[in-house]
Amino acid sequence: MSTPTDELFKNVISHAKEYGFVFQSSEIYDGLSAVYDYGQNGAELKNNIKTYWWKAMVQMNENIVGIDSAIFMHPKIWEASGHVAGFNDPMIDNKDSKKRYRADQLLEDKIAQYDSENKTDLAEELQIEMDKALKSDDLTRLRELIIEHNITCPISGTANWTEVRQFNLMFSTQMGAIAEEADVIYLRPETAQGIFVNYLNVQKSGRMKIPFGIAQIGKAFRNEVIARQFIIRMREFEQMEMQFFIRPGSQKEWFEHWKQTRLKWHLALGTSPAKYRFHEHTKLAHYADAAFDIEFEFPFGFKEVEGIHSRTDFDLGQHQKYSGKKLQYFDPEINQNYVPYVIETSIGLDRMFLLTLINAYEEENLSTPEKQDSRVVLRLHPCLAPVKAAIFPLTKKDGLPEKAREIMDKLKLDFNLYYEEKDAIGKRYRRQDAIGTPFCITVDHQTLEDNTVTIRYRDTMQQERVSANQLDKIIGELVSWKNVL
RNA sequence: GCGGAAAUAGCUCAGUCGGUAGAGCAUCAGUUUCCCAAACUGAAGGCCGCGGGUUCGAAUCCCGUUUUCCGCUCCA
C-alpha cells in the first residue's frame, strides 16, 4: 500500500545513503536505533545550512552574538528549567489491549469527564489527590487512583493495568571517575539553557543593550520512547537556537518580528511558500505566553521544523531563584531594573537538513521519442550545495587532465571542488546532478588553444563557454551568500 | 514499549523438496569513444543480520536476539 509520496520518501532515504549524505550509526554492528551519521556530502550540506543560519542570525544582526556552551551542565539547571519534572512521564500499560498511556493523562481525562457530568466535587478531589501523588513521585498512589476511579482502557474497556513506571527522557551519566562519589549529570535535552545561564556573562562582557540576542548551534539528547521516520526524531540531534532578550511588555511586537523574519529565512532558499505554514500552539507550555511552529510539508504530512516561542521571564526567573544570582538588566531608557523577557527561535538542524534534501530531490524524465532517459537531480540552492563545482577533462589524454588540474588548483581554496576523469562525460555530469553540484567545468581541446572552458548548469543542463580566468568570479557570484541574505 | 512484516554482493532482487550462492545495475583495471547514464575484455565483492537448536547436512525448518518498515503509543 505505498502511495507515490511514500515512494518518494523511501527514494530520498536510499539516495541519501547511496550518495554519502546520511548513514545509520554503527551500521556494521547492526546499527543503533534512531542515531544517524552524516557522510561526506551530508557533512558539507549540514555545515552550509549552519553557515546560512549563523550568517543570517549573528553576522547580519549587530545585536545578536553567538556562543558555544558545553553539553554537560550543572544538574540544578534541569530542576530550574522544569526538565527533571517535565521529562519524567509516569506511564501505565493495559495488559489486555497492550496499549500504553500516560498515567497523569488518564486521570486528567477522568477529571474532565467528571466536570462535564457536573460532578465537580469528584473532579476537584481527584485533582488534589493526583497533584499530591505527582509531586511526591508516588507511582503506587497514581495506580491506586486509576483503579479507585474505575478508569478503563478506551480500547479494551478493562482495568487490567500494569504498575506505573517512570520514563526519563533525559540521558544521564556520572561525573567523576569513582562511581560512589559520582554525581549524576544529564546530557542536555535542549541547548536553550546554555544560553540562559550565560546571559549575564554575555551581557556584561559584550556590553550588550536590550534588545539583544544570543545564538547557539549544538547537540542535544533525548531518550525518546520511540524514535522513527528517519532523521525527523533522533536521540542525538542538533539545534540552532537564538534567545532574544527584550523589555517586558514588548513581547508581542518582537514575537511577530521573529515569526516573519524566520519564515523569510526559509523562503529565501527558493522553497515554495505553499510548503510552509504556521501552526499556533493552543495548549501552551508552562513557560510560554505565545508559541508558533513553522511547519513544512514533508511527504508524510506537515511537521514542525522551527519553533518561535515567547518564553516570558520564566527561564531567567527560575535560574535567578535556583542559583540565587540576580539576572537583571538595568534599562537606562526607563530607569528600571527588570528580568528580561525572551523570544526564542529554535530550529532543528537535522529536520532542516531533511527538508532541504526532500525539497531538492527530483526524478526528472529526459526521454525523447528516440531514447529513454532520466536523471536524479538535487536542485539544492548553490549556497548549500556540498560541492560547488566539478572539473572534468573531456578525455584523459592529450594533456587535458594536466590543464584541468591546473585550473582546479587555482580555485580549490575558495570553493569545495570535485575532480574526475573517469567514464564518459555524460555519466560524470549525472553523478554530479545526483549530489546537487550546481556547475560542471569541462576542459576540452579548445581550452589548450584559447584557455576557455565550458560551464554546464545543473538545472538547465545548458552549457556556455567562458574564459578560465573568469571562473573564480563567475562561480563566486553564483554561490555567494549575497543571493540569499 | 506492544502487535505485524522483513533482513541474501554497494543497490534491486532470485535461490525449487534442506544438499557448500546467482542475476541485473553499480564499483575497480584496461581497450575504444570524445559533451549528457555507450560498447567490449577482465577483476573484485558473501560467516545468507547475529546467536543457539533440529539434522549426516541449514540461506531454507524451530527458538532467541538485533536492526529496519507498517500500525499503536510517545513527542513543550
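Just so you know, these numbers come straight off a predicted model, no measurement behind them. Here is how names work: the chains are called A, B, and so on, in the same order as the sequence lines, proteins then strands, and each is numbered from 1. Both backbone and side-chain heavy atoms feed into the values below; hydrogens, waters and symmetry mates do not.
Distance A:His15 NE2 to B:A26 P: 16 Å, rounded to the nearest Å. With rounding to whole Å, A:Ile441 atom CD1 is found 15 Å from B:C35 atom C1'. To the nearest angstrom, P of B:A76 lies 13 Å from CD of A:Gln239. Here the C1' atom of nucleotide B:A76 and the CZ atom of A:Arg311 are 8 Å apart, to the nearest Å. Summarising the geometry, the separation between OH on A:Tyr457 and P on B:C36 is reported as 18 Å, rounded to the nearest angstrom. Taking atom CH2 on A:Trp78 and atom C1' on B:A76, their separation rounds to 14 Å, with Å as the unit. In this structure, A:Glu464 atom CD and B:C35 atom C1' are separated by 15 Å, rounded to whole Å. Taking atom CZ of A:Arg430 as the reference point, atom C1' of B:A26 lies 16 Å away to the nearest angstrom.
Looking at heavy-atom distances under 4.0 Å, A:Val376 makes contact with a base.
Each of A:Trp265, A:Phe244, A:Phe292 was checked for a ring-ring contact (aromatic ring centres under 6.0 Å, His included) with A:Trp258, and the lone residue meeting it is A:Phe244.
Between A:Ile425 and A:Asp293, the residue whose closest nucleotide on RNA chain B is further toward the 5' end is A:Ile425. Nearer the 5' end of RNA chain B, as judged by each residue's closest nucleotide, is the contact made by A:Tyr19, out of A:Ser81 and A:Tyr19.
Applying the 3.5 Å distance criterion, the base of B:C36 shares no donor-acceptor pair with the side chain of A:Asp433.
On the C1' atoms, B:G45 is 10 Å away from B:C28, given to the nearest whole Å. The separation of B:U60 from B:G22, taken at their C1' atoms, amounts to 15 Å, rounded to a whole angstrom. Nucleotides B:C62 and B:C17 place their P atoms 15 Å apart, quoted to the nearest Å. Across the C1' atoms, B:G46 and B:G3 are found 33 Å apart, a figure rounded to whole Å. Between B:A38 and B:C25, the two C1' atoms lie 15 Å apart (nearest whole Å). Only the P atoms considered, B:G53 is 30 Å distant from B:C11, to the nearest whole Å. For the P atoms, the distance linking B:G49 with B:A6 amounts to 13 Å, nearest Å. To the nearest whole angstrom, the two P atoms, one in B:A23 and one in B:A43, are 12 Å apart.
In this structure, A:Phe296 has its ring center under 6.0 Å from that of A:Phe298. For A:His266 and A:Tyr276, the gap between ring centers is short of 6.0 Å.
In this view, A:Gln446 and A:Asp450, A:Arg465 satisfy the side chain to side chain donor-acceptor pair (under 3.5 Å) rule, not counting sequence neighbours. In terms of the side-chain contact (heavy atoms from CB on, under 4.5 Å) criterion, residue partners of A:Ser81 (sequence neighbours excluded) are, by chain and number, A:Trp78, A:His83, A:Gln193. Under the side chain to side chain donor-acceptor pair (under 3.5 Å) criterion, A:His15 pairs with no residue at all, not counting sequence neighbours. Considering only residues two or more places apart in sequence or on other chains, A:Thr312 meets the side-chain contact (heavy atoms from CB on, under 4.5 Å) condition with A:Asp289, A:Phe314, A:Tyr341. Evaluation of the side-chain contact (heavy atoms from CB on, under 4.5 Å) rule for A:Lys473 yields A:Glu477 as partners, not counting sequence neighbours.
Under 4.0 Å is where a charged nitrogen must lie from a carboxylate oxygen, and between A:Lys259 and A:Glu256 at least one such pair does. Using a cut-off of 4.0 Å between Lys/Arg side-chain N and Asp/Glu carboxylate O, A:Lys303 and A:Glu295 are scored as not salt-bridged. Note on A:Glu402 versus A:Arg405: no salt bridge recorded, every NZ/NE/NH1/NH2 to OD/OE distance being 4.0 Å or above.
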Within the sub-3.5 Å range, which N or O atoms of nucleotides 27-31 of chain B have a protein N or O partner, and how far apart are they?
from: B:U27; atom 1: OP1; to: A:Arg431; atom 2: NH1; distance (Å): 2.8

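For residues 432-455 of chain A, the pairs satisfying ring-ring contact (aromatic ring centres under 6.0 Å, His included) are A:Phe439-A:Tyr457, with sequence neighbours left out. Sorted by first and then second residue, the salt bridge (Lys or Arg N to Asp or Glu O under 4.0 Å) pairs involving residues 428-438 of chain A (not counting sequence neighbours) are A:Asp373-A:Arg430, A:Arg375-A:Asp433, A:Glu420-A:Arg431, A:Asp423-A:Arg431, A:Asp433-A:Arg456. Annotation: salt bridge (Lys or Arg N to Asp or Glu O under 4.0 Å) contacts involving residues 308-320 of chain A, sequence neighbours excluded, comprise A:Glu190-A:Arg311, A:Arg311-A:Asp315, A:Arg311-A:Glu344.
Distance from the side chain of A:Gln463 is smallest for B:C36 among the nucleotides B:U68, B:A76, B:C36. Closest to the side chain of A:His83, from the set B:A37, B:A76, B:C35, is B:A76. For A:Arg375, taking side-chain heavy atoms from C-beta onward, the closest of the listed nucleotides B:A37, B:A38, B:C34 is B:A37.
The side chain of A:Gln24 places an N or O atom within less than 4.0 Å of a non-bridging phosphate oxygen (OP1 or OP2) of B:U68.
Looking at A:His319 and A:Tyr322, their side chains never come closer than 4.5 Å, going by heavy atoms from C-beta outward.
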* Sugar-phosphate atoms are those with a prime plus P, OP1 and OP2; base atoms are the rest. Using that split, label each nucleotide of nucleotides 8-13 of chain B B, S or - for protein heavy atoms under 4.0 Å, 5' to 3'. => ---S--
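Rounded to the nearest 0.5 Å, atoms CG (A:Leu357) and NZ (A:Lys46) are 13.5 Å apart.
Interface residues of residues 343-363 of chain A facing RNA chain B, ordered by number: none; criterion, heavy-atom separation under 4.0 Å.
Both key distances under 3.5 Å define a Watson-Crick or G-U pair, and stretches of 3 or more such consecutive pairs in RNA chain B run B:1-7 with B:66-72, B:10-13 with B:22-25, B:27-31 with B:39-43, B:49-53 with B:61-65.
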